[in-house]
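In listed order, ligands and their atoms are each counted from 1. The first residue in the sequence is number 1, and the count goes up from there.
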Amino acid sequence: MAKTALITGIRGQDGAYLAQLLLDKGYNVVGADRRSGGANYWRLKELGIYKDIKLEYMDLLELTNIIRSIEKIKPDEIYNLAAQSFVPTSFEQPMLTSEINAIGVLRLLEGIRQVNPSTKFYQASTSELFGRAHEIPQKETTPFHPRSPYGAAKLFGHWITVNYRESYRMFACSGILFNHESPLRGMEFITRKLAYAVASIHFGLQDKVVVGNLEAKRDWGFAKEYVEGMWKMLQLKEPDDFVLATGQTHSVREFIEAAFRVVGVHLVWEGSAMNTVGRCKKTGKTRVVVSPDFYRPAEVDLLLGSPLKAKEKLGWKPRVGFEQLVDMMVEADLKRLKKEI
Ligand code: NAP
Ligand code: F7E
């Protein structure tokens with residue numbers, strides 16, 4: 001009999017790719033969808049799977065609806081991908097972020113414990129747990145030191161998942177995923193912001209892009225590959241926690257340079273820190289401006305993950321490299337904009 005998976009955060013980047021993967025594997029996929037006026041299913045539509053998914057209203061802020069949903073859907077596996085996932089917003093709305101990213105996880109675990117404790121559970125943990133990183137590369141045993149309300153709330157989500165596994169023998173796994181991107185990434189994140197800006201500049205729709213800290217380094221992978229790792233965790237004999245990462249790190253500056261190269265623009269930099277600008281080498285036009293508006297109260301300077309355990313125990317490894325990822329994202333936005341203009 002086909003398995004049933006319940007995915008929270010179905011309208012997000014990872015929710016869409018995971019739904020596609022599970023449908024391909026023959027699962028019945030139910031998406032937990034929070035009620036919102038302007039609900040937008042563009043990712044599911046772009047992947048051509050919108051009609052194949054059942055949607056169920058379920059908000060992580062409300063325990064009773066979680067219990068009712070689990071009773072009704074009877075999922076074999078629950079993937080908790082829902083979150084307030086944008087780090088800067090977590091500084092503005094730290095309590096709401098914690099209600100969703102911390103207590104929301106507990107509500108789900110309690111719902112599972114009350115309705116059917118044999119339901120398998122995946123928690124979307126994050127490299128933001130490492131924050132001011134205590135070692136390089138970061139692995140499952142690296143101490144945590146979150147640098148934002150987002151990271152601190154996710155830290156609770158991570159440990160409460162471990163705690164329910166140890167206390168109630170629940171099959172609960174936590175995936176500590178480093179940044180993963182794609183053409184389906186939200187516009188507020190730096191990679192998609194840049195891909196879209198480069199495409200817009202290319203078509204003459206905007207002059208320049210305004211960004212924050214150029215020196216922050218991230219381990220950027222391709223989201224579609226990362227959801228395979230989530231699924232693999234829930235197929236193990238024993239539940240465990242895993243880092244998913246590429247093992248490579250690049251600065252925001254390097255991402256910007258690579259994104260402009262896709263449209264044949266080579267940048268030269270002038271100034272330093274918040275006074276930096278990036279100009280087109282050929283035309284001298286200013287294409288990148290740094291503004292303090294995009295700096296954070298506390299920054300995560302360097303993330304670089306070790307996917308060794310995932311490679312050995314899950315047989316998971318990333319295939320898409322940095323340049324290929326940047327290329328894929330810029331090309332996708334060039335294609336989208338070309339259709340619109
Ligand atoms: P995303 O695109 O921001 O999607 C998050 C989804 O959560 C959105 O669809 C959002 O719904 C939903 N959501 C927010 N609050 C909710 C609530 N109270 N109840 C129910 N749903 C709610 O995030 P993503 O990039 O796919 O990431 C998936 C998960 O992995 C998140 O938990 C994120 O924190 C974590 N993570 C992401 C990365 C990464 O690099 N992408 C790395 C590590 C961990 P709306 O559509 O209504 O806003
Ligand atoms: O920032 C710097 C910024 O917002 C990356 C989420 O999926 O991954 C994501 O969190 C870096 C930071 O992602 C701009 O200061 C410079 O150092 O793309 P981001 P993030 O904060 O790393 C983790 C793993 C998650 O779990 C999160 O859910 O880029 N940066 N200039 C900028 N960032 C943004 N957004 N915009 C700028 O203009």
Side-chain angles (χ1 to χ4, degrees), residues 7-18 31-44 57-62 65-66 79-90 96-97 99-101 103-105 107-108 122-131 146-148 150-151 153-154 157-158 174-182 184-194 197 209-223 226-227 230 243-245 250-253 255-256 288-303 305:
I7 302 175
T8 73
I10 192 72
R11 277 195 271 126
Q13 169 190 259
D14 292 6
Y17 280 124
L18 180 65
D33 189 15
R34 66 170 165 173
R35 172 89 183 94
S36 103
N40 192 329
Y41 302 97
W42 69 273
R43 294 183 174 97
L44 300 172
Y57 279 136
M58 191 178 114
D59 198 308
L60 290 196
L61 297 177
E62 159 79 60
N65 88 139
I66 290 175
Y79 295 84
N80 181 32
L81 310 185
Q84 190 301 95
S85 71
F86 192 43
V87 172
T89 300
S90 78
L96 178 63
T97 300
E99 275 296 336
I100 301 169
N101 297 7
I103 306 300
V105 186
R107 290 189 190 98
L108 266 175
Y122 172 85
Q123 168 58 13
S125 284
T126 164
S127 50
E128 287 291 301
L129 301 182
F130 299 120
R147 294 274 281 168
S148 62
Y150 170 82
K154 282 280 184 179
H158 177 78
S174 181
I176 307 172
L177 271 53
F178 282 62
N179 298 53
H180 44 281
E181 318 292 317
S182 74
L184 300 186
R185 188 58 144 146
M187 294 290 283
E188 65 275 40
F189 300 97
I190 188 67
T191 55
R192 181 75 202 292
K193 175 175 171 176
L194 287 166
V209 59
V210 184
V211 299
N213 181 10
L214 297 175
E215 315 310 338
K217 290 184 147 188
R218 290 290 182 276
D219 179 328
W220 278 299
F222 178 34
Y226 284 52
V227 302
M230 296 175 187
V243 160
L244 300 185
H250 293 274
S251 65
V252 170
R253 189 191 291 267
F255 196 104
I256 297 175
V288 185
V289 173
V290 172
S291 161
D293 291 351
F294 291 100
Y295 276 65
R296 298 170 183 189
E299 179 61 281
V300 170
D301 295 319
L302 169 69
L303 290 176

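Regarding atom 27 (O) of ligand 1, its nearest protein heavy-atom neighbour is Asp14 OD2, 3.7 Å. Summary of contacts: the protein heavy atom closest to atom 30 (O) of ligand 1 is Ala124 CB, 3.4 Å.
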Exercise for the section: Apply the test side chain to side chain donor-acceptor pair (under 3.5 Å) to residues Ser90 and Thr97: give CA-CA distance (whole Å), side-chain angles for both, the deciding distance (0.1 Å), then the verdict. Expected result: CA-CA 6 Å; Ser90 78; Thr97 300; 5.1 Å; no
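We find that Lys193 and Glu188 are not joined by a salt bridge, their nearest charged nitrogen and carboxylate oxygen being 4.0 Å or further apart.
Between Ile10 and ligand 1, no pair of N/O atoms sits closer than 3.5 Å. Considering both main-chain and side-chain atoms, Gln84 never comes within under 3.5 Å of ligand 1 through any nitrogen or oxygen pair. Here's the thing with Ser36: none of its N/O atoms is less than 3.5 angstrom from an N/O atom of ligand 1. Considering backbone and side-chain atoms together, Ala83 places an N or O closer than 3.5 Å to an N or O of ligand 1. An N or O contact shorter than 3.5 Å links Asp59 to ligand 1 by distance.
In this structure, Leu81 counts as a contact residue of ligand 1, since one of its heavy atoms falls inside 4.0 Å of the ligand. In this structure, Lys154 is part of the shell of residues with a heavy atom less than 4.0 angstrom from ligand 1. Glu128 does not count as a contact of ligand 1, since none of its heavy atoms falls under 4.0 Å from the ligand. For the pair Phe189 and ligand 1, no heavy-atom separation below 4.0 Å is found.
For Ser251 (side chain) and Lys217 (main-chain N/O), no donor-acceptor pair under 3.5 Å exists by modelled atom type. Put simply, the side chain of Asp219 never gets that close to the backbone of Ala245: no donor and acceptor are under 3.5 Å apart. In this structure, Gln13 contributes its side chain and His180 its backbone to a donor-acceptor pair below 3.5 Å. At least one donor-acceptor pair under 3.5 Å links the side chain of Arg192 to the backbone N or O of Arg185. With hydrogens and angles disregarded, a donor-acceptor distance shorter than 3.5 Å links the side chain of Arg147 to the backbone of Glu299.
For Asp59, there are no salt bridge (Lys or Arg N to Asp or Glu O under 4.0 Å) partners two or more places apart in sequence or in a different chain. Qualifying side-chain hydrogen bond (donor to acceptor under 3.5 Å, both in side chains) partners for Arg34, counting only residues two or more places apart in sequence or in other chains: none. Residues passing the salt bridge (Lys or Arg N to Asp or Glu O under 4.0 Å) test with Arg43: none are found, sequence neighbours excluded.
In this structure, Arg11 and Ser36 have side chains that are in contact, with non-hydrogen atoms separated by less than 4.5 Å. Between Val300 and Arg218 there is a side-chain heavy-atom pair separated by less than 4.5 Å. Residues Val211 and Leu194 form a side-chain contact, since some pair of their non-hydrogen atoms from C-beta on lies under 4.5 Å apart.
Near Met58, with a cut-off below 4.0 Å to any heavy atom, the atoms of ligand 1 are 20 (C). Atom numbering of ligand 1 starts at 1 in the shown order; those under 4.0 Å from a heavy atom of Gln13 are 2 (O), 25 (O), 26 (O), 41 (N). Taking a cut-off of under 4.0 Å to the non-hydrogen atoms of Asn179, the atoms of ligand 1 that pass are 40 (O). Using a 4.0 Å cut-off to heavy atoms of Arg11, the atoms of ligand 1 that qualify are 9 (O), 45 (P), 46 (O), 47 (O).
Under 4.0 Å from ligand 1, the heavy atoms of Ser125 that appear belong solely to its backbone. Counting heavy atoms closer than 4.0 Å to ligand 1, residue Ile100 contributes side-chain atoms (C-beta onward) but none from N, CA, C or O. Using a 4.0 Å cut-off between heavy atoms, Arg34 contacts ligand 1 through its side chain alone, with no backbone atom that close.
Using a 30° and 60° split on the angle between ring planes, Tyr79 and Tyr122 fall in the tilted class, from 30° to 60°.
The residue among Gly157, Ser85, Ala32 with a heavy atom at the shortest distance from atom 23 (O) of ligand 1 is Ser85. When the heavy atoms of Arg107, Gln123, Arg35, Arg185 are ranked by distance to atom 41 (N) of ligand 1, first place goes to Arg185.
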Is there any protein N/O under 3.5 Å from an N/O of ligand 2, and what does the full list of such pairs look like?
unit_1: ligand 2; atom_1: 1 (O); unit_2: Arg296; atom_2: NH2; d: 3.3
unit_1: ligand 2; atom_1: 4 (O); unit_2: Arg296; atom_2: NH2; d: 2.8
unit_1: ligand 2; atom_1: 7 (O); unit_2: Arg185; atom_2: NH1; d: 3.2
unit_1: ligand 2; atom_1: 7 (O); unit_2: Arg185; atom_2: NH2; d: 2.9
unit_1: ligand 2; atom_1: 8 (O); unit_2: Asn179; atom_2: ND2; d: 3.1
unit_1: ligand 2; atom_1: 15 (O); unit_2: Glu299; atom_2: OE2; d: 2.6
unit_1: ligand 2; atom_1: 17 (O); unit_2: Arg218; atom_2: NH2; d: 3.0
unit_1: ligand 2; atom_1: 17 (O); unit_2: Glu299; atom_2: OE1; d: 2.9
unit_1: ligand 2; atom_1: 17 (O); unit_2: Glu299; atom_2: OE2; d: 3.1
unit_1: ligand 2; atom_1: 18 (O); unit_2: Ile190; atom_2: N; d: 2.9
unit_1: ligand 2; atom_1: 21 (O); unit_2: Arg296; atom_2: NH1; d: 2.6
unit_1: ligand 2; atom_1: 22 (O); unit_2: Asn179; atom_2: ND2; d: 2.9
unit_1: ligand 2; atom_1: 22 (O); unit_2: Arg218; atom_2: NE; d: 2.8
unit_1: ligand 2; atom_1: 26 (O); unit_2: Thr126; atom_2: OG1; d: 2.7
unit_1: ligand 2; atom_1: 26 (O); unit_2: Tyr150; atom_2: OH; d: 2.7
unit_1: ligand 2; atom_1: 28 (O); unit_2: Ser85; atom_2: O; d: 2.7
unit_1: ligand 2; atom_1: 28 (O); unit_2: Tyr150; atom_2: OH; d: 2.8
unit_1: ligand 2; atom_1: 31 (N); unit_2: Gly212; atom_2: N; d: 2.8
unit_1: ligand 2; atom_1: 33 (N); unit_2: Arg296; atom_2: NH2; d: 3.4
unit_1: ligand 2; atom_1: 35 (N); unit_2: Glu188; atom_2: O; d: 3.0
unit_1: ligand 2; atom_1: 38 (O); unit_2: Lys193; atom_2: NZ; d: 2.7

